[in-house]
Amino acid sequence: MITGKNYIGNNLSSEGNITFKTFNPKTNTQNDFLFTEASDDEINQAVQLATEAFIQYKNTSGIKKSNFLNAIADEILNLDNDLLQIYKMESGLTIERAIGERERTIWQLRMFANLVKEGSWVDAVIDTSQPERKPISKPDIRKMLIPLGPIVVFGASNFPLAYSTAGGDTVSALASGCPVIVKSHPMHAGTGEMVASAIIKAAKKTEMPNGIFSNLNSSGIEVGVNLVKHPNIKAVGFTGSVIGGRALFDLANQRKEPIPVFAEMGSINPVILLPKVIRKSKNKIAKIYSESITLGSGQFCTNPGLILGIKSDDLTNFIQILANEIVKIEPSCMLHPNIIGNYEKNKAKIKSQKGVSVKAEYVNDVSKNFGQQVIMTVEGETFFKNTTLHQEVFGPFSLIVQCKNKEQLHEIVKNLEGQLTGSVWADNDEEIKYKSIIDTLQNRVGRIIFNGVSTGVEVCPSMQHGGPYPASTDSRFTAVGIHSIKRWVRPVSFQNWPQKLLPIELRNENILKINRLINNELTLNSI
Ligand code: NAP
């Protein structure tokens with residue numbers, strides 16, 4: 001049942017006087033539920049509870065945390081069709097997509113449950129003492145990762161489950177030992193409340209401290225701003241626009257105690273098509289990109305928004321085939337009138353730039369809030385000089401840049417902003433001939449793909465989802481996969497510390513049987 005209230009720790013609360021509703025983009029009508037934005041007092045209560053919960057939760061064992069995360073997964077599954085229906089009502093996405101995203105959310109929860117149960121993720125390093133060392137003795141030093149404290153997570157608009165209330169940021173933070181306060185995304189507040197209810201049920205069942213999780217509603221930026229400014233908050237996770245992510249990053253850096261903001265933001269995910277592969281496989285590649293550009297109405301951070309090639313008859317033919325293919329695809333509903341509004345505005349902005357021409361556009365009548373795909377082209381020199389053309393157009397859009405030669409292609413790649421992904425299509429050893437361009441691309445991206453598409457982010461340990469700014473605010477970290485836990489922890493060294501007071505992971509006896517680096521040797525042994 002949706003109450004429209006905030007979860008302040010385990011309690012439902014609606015003290016504020018600002019209310020709002022979510023929107024069904026498919027039917028173009030408001031949903032019935034009325035949500036109450038969290039008041040300043042409720043924000044403070046949530047942070048206070050999280051601060052108190054942290055004292056106990058930071059020392060909770062991996063097994064208990066694992067039980068908690070698995071219980072969240074079970075409770076989300078128990079929400080069954082009610083969750084899928086509200087997801088559909090608030091996003092315009094299909095039930096199939098809801099099921100797929102729920103599967104990913106469950107998989108992420110179980111993956112982190114296994115990680116913390118096993119325990120080696122804390123990166124325990126032990127250097128035993130050498131009292132006899134000359135000229136000075138060496139102390140006993142032991143280091144491991146410990147959680148930062150209460151974390152604020154901003155739910156993403158484009159993944160109501162996998163990047164929101166119990167999504168990757170929340171789950172990795174809870175796994176690390178940090179309490180989480182979610183600033184629910186206003187477009188899917190009902191989905192958020194249902195998932196929050198599952199988290200609270202799981203927390204109670206597994207006897208987690210009250211305040212380990214809160215879910216706050218908001219219809220504007222104030223709740224998020226107040227949370228980020230709160231002195232007890234120690235880090236922030238965000239997925240969304242560059243404007244929003246940058247504003248929060250700046251805010252966090254202006255605090256008396258600056259804190260890290262891990263924001264995953266805009267990316268146009270450049271694709272380089274080399275000449276021989278275009279000659280040989282233009283039909284196949286055009287078909288693949290017509291599908292990738294329109295997948296989920298282009299509302300993915302890895303959407304291929306920029307295609308780069310060197311002018312030739314083959315490239316011209318490829319563009320024509322892509323244009324023919326892309327208009328065959330039926331448009332689908334976008335997430336919200338604001339999102340489609342931004343899409344139309346940004347599309348029009350690119351279209352109005354000098355030298356840009358529309359190569360294909362879906363022009364048939366579509367239902368309200370459906371995103372009509374478009375492909376535009378531009379010469380290399382024009383693209384190079386006009387940075388407006390380098391901005392993300394969030395939706396089923398791609399700009400094809402026709403470079404006059406290899407050198408111009410290289411200059412363009414060199415001057416691209418940071419990106420989540422970059423793709424290279426090559427044939428017959430072209431990757432060797434164009435190695436310097438590919439090396440340059442590698443410097444601009446977090447993930448580089450060979451003869452494949454960027455859409456579809458595998459959740460696995462080797463995945464890097466983050467790249468140089470503005471793709472993310474800190475390219476050293478990933479927002480997907482087990483290593484995303486590293487965003488919420490810091491290393492601490494214990495020098496000459498008594499055995500019985502050391503964390504269990506650092507004691508002589510390896511009780512947890514975790515991998516540890518002892519005197520430079522990775523081992524499961526005890527000392
Ligand atoms: P958004 O506008 O960046 O908002 C994301 C969240 O951050 C919302 O909860 C929003 O709160 C909050 N927020 C935004 N600006 C803020 C500020 N200055 N201070 C504090 N909080 C702030 O993103 P969105 O609503 O998801 O979608 C808008 C656009 O973002 C899309 O059209 C698209 O261009 C881009 N986007 C990109 C990606 C990507 O992965 N590349 C993903 C999603 C969206 P309120 O809504 O309450 O204001």
Side-chain angles (χ1 to χ4, degrees), residues 16 18 20 22-23 25 35 37-38 43 90-91 93 152-160 162-165 167-169 181-189 191-192 215-230 233 236-254 261-269 296-306 334-347 349-350 369 371 391-397 417-421 446 454-455 457 465-467 469-473 479-480:
I18 300 173
F20 66 99
T22 57
F23 196 83
F35 297 91
E37 180 165 300
I43 294 170
E90 292 186 329
S91 67
L93 297 168
V152 169
V153 169
F154 285 74
S157 60
N158 56 343
F159 279 91
Y163 278 94
S164 285
T165 322
D169 287 352
I181 299 170
V182 167
K183 204 291 281 181
S184 186
H185 199 287
M187 291 179 198
H188 44 75
T191 310
N215 183 59
L216 306 185
N217 296 322
S218 78
S219 60
I221 65 170
E222 290 74 19
V223 172
V225 167
N226 287 343
L227 281 167
V228 173
K229 281 182 14 195
H230 198 292
I233 295 299
V236 178
F238 172 92
T239 302
S241 64
V242 177
I243 292 178
R246 181 63 197 236
L248 295 170
F249 177 84
D250 289 342
L251 195 63
N253 280 291
Q254 283 154 14
V261 173
F262 298 101
E264 193 234 295
M265 306 172 290
S267 203
I268 52 174
N269 304 296
S297 213
Q299 300 166 113
F300 291 120
C301 42
T302 51
N303 191 54
L306 181 70
M334 293 190 81
L335 292 159
H336 192 272
N338 290 351
I339 299 271
I340 191 158
N342 280 340
Y343 173 56
E344 295 298 345
K345 193 177 74 194
N346 293 330
K347 209 164 65 168
K349 193 167 163 192
I350 301 286
N369 301 321
Q391 306 311 309
E392 179 183 49
V393 177
F394 193 68
F397 169 89
E417 290 189 316
Q419 306 289 338
L420 286 173
T421 74
S454 47
T455 38
V457 180
H465 194 67
Y469 186 87
S472 60
T473 43
V480 170

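If you read the sequence from its start, that first residue is 1, and numbering goes on from there. Read the numbers this way: they start at 1 and go in the same order the structure lists the ligands and their atoms.
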Are the side chain of Gln419 and the backbone N or O of Ile268 linked by a donor-acceptor pair below 3.5 Å? yes
Counting heavy atoms only, which of Val242, Asp250, Ile221 is nearest atom 13 (N) of ligand 1? Ile221
Answer yes if the side chains of Asn269 and Thr302 hold a donor-acceptor pair under 3.5 Å, and no otherwise. no
Partner residues of Asn217 under the side-chain contact (heavy atoms from CB on, under 4.5 Å) criterion, sequence neighbours left out: Asn6, Phe20, Phe35, Ser184, Ala189, Asn215
Look at atom 41 (N) of ligand 1 and find which of Met265, Met334, Gln391 reaches it with the closest heavy atom. Met265
Answer side chain, backbone, both or neither: which part of Val223 comes under 4.0 Å from ligand 1, heavy atoms only. neither
Taking the minimum heavy-atom distance to atom 3 (O) of ligand 1, which of Ser241, Ala156, Gly240 ranks first? Ser241
Against ligand 1, does Gly244 come closer than 4.0 Å with any heavy atom? yes
Just by distance, do the side chain of Glu90 and the backbone of Thr22 share a donor-acceptor pair under 3.5 Å? no
In ligand 1, the atoms that come under 4.0 Å of a heavy atom of Glu264 are 40 (O)
Which of the numbered atoms in ligand 1 are under 4.0 angstrom from any heavy atom belonging to Phe154? 7 (O), 21 (N)
Below 4.0 Å from ligand 1: does a non-hydrogen atom of Glu222 turn up there or not? no
At the 4.0 Å heavy-atom cut-off, does Phe238 count as touching ligand 1? yes
Give yes if a backbone or side-chain nitrogen or oxygen of Asn342 is under 3.5 Å from a nitrogen or oxygen of ligand 1, and no if not. yes
Please write down residue, atom name and distance for the protein heavy atom closest to atom 47 (O) of ligand 1. Gly220 O, 2.9 Å
Compare His465, Lys183, His185 and give the one whose heavy atom is closest to atom 45 (P) of ligand 1. Lys183
Proximity of Ser157 to ligand 1 by residue part, where a heavy atom lies under 4.0 Å: both
Heavy-atom pairs closer than 4.0 Å: do any link ligand 1 to the side chain of Ala247, the backbone, both, or neither? side chain
With sequence neighbours left out, what residues match Phe238 under ring-ring contact (aromatic ring centres under 6.0 Å, His included)? Phe154
